[in-house]
Amino acid sequence: MLCCASFKNDEFISKRGRPMAEKITKRSEDYSQWYIDIIVQAQLADYAPVKGCMVIRPNGYAIWEHIQQALDKMFKDTGHVNAYFPLFIPESFMNKEKEHVEGFSPECAVVTHGGGKKLEENLYIRPTSETIIWSMYQKWIQSYRDLPILINQWANVVRWEMRTRLFLRTTEFLWQEGHTAHATYDDAEEETVRMLNVYKTFAEEYMALPVFHGKKTESEKFAGALHTYCIEAMMQDKKALQAGTSHNLGENFAKAFDVKFQDANKELRYVWATSWGVSTRLIGALIMAHSDDNGLVLPPKLAPTQVVIIPIFKDDAEKQQTVDAARKIKMQLIEKNIRVHIDDRDQYRPGWKFNEWELKGVPIRMELGPKDLAAGQVVCARRDKTEKTDKITMKLEEISSKIPLLLDEIQKNLFDRAKKFRDDHTFQASSYDELKKYMEDDAGFVQCFWAGSREDETRLKDEMKATVRCIPFDQSGEKGKCIVTGKETNVKVIIGKAY
RNA sequence: CGGGGUGUAGCGCAGCCCGGUUAGCGCGCUCGGUUCGGGACCGAGAGGUCGGGAGUUCAAAUCUCCCCACCCCGACCA
């Protein structure tokens with residue numbers, strides 16, 4: 001069912017008149033099927049028995065582990081510590097913050113029974129942990145000396161979505177949620193912006209994903225926040241994907257859970273809160289930003305395997321010779337902290353392996369056969385450039401110096417390519433009709449002046465299925481007329497269709 | 001919740017209109033052999049409650065009715 005359409009197409013029939021084993025639907029033919037094909041065939045995830053849920057398979061989970069590792073270090077470097085709060089939240093907690101409960105109630109899973117008996121109080125499966133965490137902060141905070149509290153947790157959450165998509169929106173997903181407590185608004189605001197910048201840096205440097213960072217409009221912000229910041233990326237179908245958010249929660253949760261501290265002047269004050277998170281959705285972003293018709297393309301910094309070595313042999317003697325050489329190369333690369341895998345399986349032929357590792361997105365493939373050994377070289381193919389003419393021949397003694405550079409170059413090329421794509425599909429509009437035309441054509445992002453209200457945003461959504469993705473921090477300061485109301489303003493926003 | 005689609009071997013499908021041997025085909029899998037620089041080939045095998053239920057019939061994968069599941073697209077959301 002996943003690739004049935006492909007088989008009917010002559011292009012996918014090999015010269016022997018037989019369908020190829022696995023083929024990915026072309027991106028240009030059916031973008032969302034292409035996306036699914038990559039996930040299923042690269043074995044990143046599989047559909048679970050429960051509707052809307054997925055199993056993250058080892059190939060996919062390894063990417064998540066690398067994301068976790070990099071982010072976790074960045075969190076620690078900015079002073080945060082990890083902790084773990086329960087999955088179950090008492091129903092009464094959910095009801096304490098008005099906007100929060102309104103925002104989340106409809107999409108919560110609720111446990112009503114345990115141990116064969118109906119529970120005294122229903123337990124909500126966390127859709128996010130603000131309430132249970134602030135119920136604890138209430139116990140832990142008395143003095144300004146207790147602040148700030150900078151806690152992060154890696155966890156799963158559940159949101160009962162009407163419609164799900166692998167990685168982008170599943171009923172249960174993995175994420176990290178930072179929850180911090182501060183003495184002043186300014187401290188909280190500084191934290192909110194700091195963490196958004198961490199996300200931007202991570203997206204750009206690790207994921208090779210250029211993002212706009214800015215503020216959400218009223219109608220797009222988190223339920224219960226004063227304001228929400230976000231990073232927004234463009235996927236290859238020109239739609240926007242929110243890749244991370246950071247909220248300044250003000251005193252809302254402190255008031256709901258009565259969390260006060262005594263300041264240096266002996267006065268009791270409410271604590272200021274922030275929260276921020278990114279999820280396994282980032283894996284979806286990674287796929288949609290970089291991959292191609294041959295499969296997954298991973299940025300080297302997050303690729304579970306960065307270099308795969310394929311020894312080419314036709315008998316035991318050649319196998320031993322090439323695998324030995326491969327092991328030596330592997331040792332050299334490990335010393336350079338490069339993640340290497342040698343594919344010495346003999347049930348598959350080299351060509352098959354080339355295709356498989358390409359499908360799985362490994363940045364560099366090293367081909368090592370008897371001819372290469374005789375010439376003291378290897379042939380390298382980079383995943384971001386798949387033409388045969390892009391293959392690089394490398395002397396054995398150059399490998400340990402050149403491969404790290406090549407990985408960096410691939411990382412940079414992916415970013416540059418994604419940035420060029422986004423810039424090429426970001427337009428300026430000065431009239432409503434112009435904006436509408438761009439949206440109807442699915443042209444990409446539009447930058448324009450904006451002084452609209454919640455109602456004006458609803459109009460955008462109704463008339464062109466588009467939303468204000470963010471109000472970028474980077475503003476030129478020039479003045480112009482709001483695209484919808486005509487009011488003079490110096491605020492420019494980014495509008496697009498979103499996931 | 002609306003629209004579309006699919007359910008037959010691990011995967012992808014044919015067979016269904018027009019009921020009738022033992023339900024086929026490709027891939028994958030197992031065994032043996034030849035191969036091995038861009039998805040090799042030969043031979044021999046294993047593998048099925050035809051999504052579920054009821055009905056029509058001498059006979060149902062096939063006809064009728066009901067139900068279920070999943071996927072895709074749209075309305076809510078990270």
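Bear in mind the structure is a predicted one, so any value in this text is a computation, not a measurement. Proteins get letters first, then strands, A, B, ... in listed order; numbering begins at 1 in each.
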Can you tell me if N122(A) uses its side chain to pair, donor with acceptor, with the backbone of E91(A) under 3.5 Å?
no
Among the candidates rG37(B), rC76(B), rG38(B), find the nucleotide nearest to the side-chain atoms of V379(A).
rG37(B)
C1' atom, rU8(B) versus rG48(B): distance in rounded Å?
8 Å
So if I take every side-chain heavy atom of R169(A) and compare against rC77(B), rA78(B), rG74(B), which nucleotide ends up nearest?
rC77(B)
Show which side-chain atoms of residues 308-319 of chain A pair as donor or acceptor with protein atoms under 3.5 Å away, not counting sequence neighbours.
unit_1	atom_1	unit_2	atom_2	d
D315(A)	OD1	A317(A)	N	3.2
D315(A)	OD1	E318(A)	N	2.7
E318(A)	OE1	K314(A)	N	2.9
K319(A)	NZ	D346(A)	OD2	2.9

Shortest side-chain distance from K461(A), nucleotide among rC76(B), rC72(B), rG39(B)
rC76(B)
Hey, is R459(A) close enough to E455(A) for a salt bridge, meaning N to O under 4.0 Å?
no
Plane angle bin for W357(A) and H341(A) - parallel if under 30°, tilted between 30 and 60°, otherwise perpendicular
tilted
Option from R382(A), K385(A), R365(A), R383(A) for which salt bridge (charged side-chain N to carboxylate O under 4.0 Å, His left out) with E358(A) holds:
R365(A)
Using the P atom as the reference point in each nucleotide, state the distance between rA44(B) and rC25(B) in Å, no decimals.
13 Å
Given rG38(B), rC77(B), rC36(B), identify the nucleotide with an atom nearest to the side chain of R365(A).
rG38(B)
Dump the intermediate steps for side-chain hydrogen bond (donor to acceptor under 3.5 Å, both in side chains) on E191(A) and H80(A), then the final yes or no.
CA-CA 11 Å; E191(A) 168 78 0; H80(A) 301 84; 2.7 Å; yes
Positions of residues 228-245 of chain A (non-hydrogen atom under 4.0 Å from RNA chain B), listed by number:
Q242(A)
Looking at CZ of R454(A) and CD of E218(A), how far apart are the two atoms once the value is rounded to the nearest 0.5 Å?
5.5 Å
Of T164(A) and F222(A), the one whose closest nucleotide on RNA chain B sits nearer the 5' end is T164(A)
In terms of the angle between their ring planes, are F421(A) and H425(A) parallel, tilted or perpendicular, with boundaries placed at 30° and 60°?
tilted
For residues W276(A) and F75(A), establish whether the separation of their ring centroids is below 6.0 Å.
yes
Given rC72(B), rG37(B), rA78(B), which nucleotide is nearest the side-chain atoms of K371(A)?
rG37(B)
Indicate, yes or no, whether a donor-acceptor pair under 3.5 Å links the base of rG38(B) to the side chain of K391(A).
yes
Listing for RNA chain B: consecutive Watson-Crick or G-U pair runs of at least 3, distance cutoff 3.5 Å, ranges ordered by first number, gives B:1-7 with B:68-74, B:10-13 with B:24-27, B:29-34 with B:40-45, B:51-55 with B:63-67
Describe the nucleic acid contact of E318(A) in one word from base, sugar-phosphate, nothing, applying a heavy-atom distance below 4.0 Å.
nothing
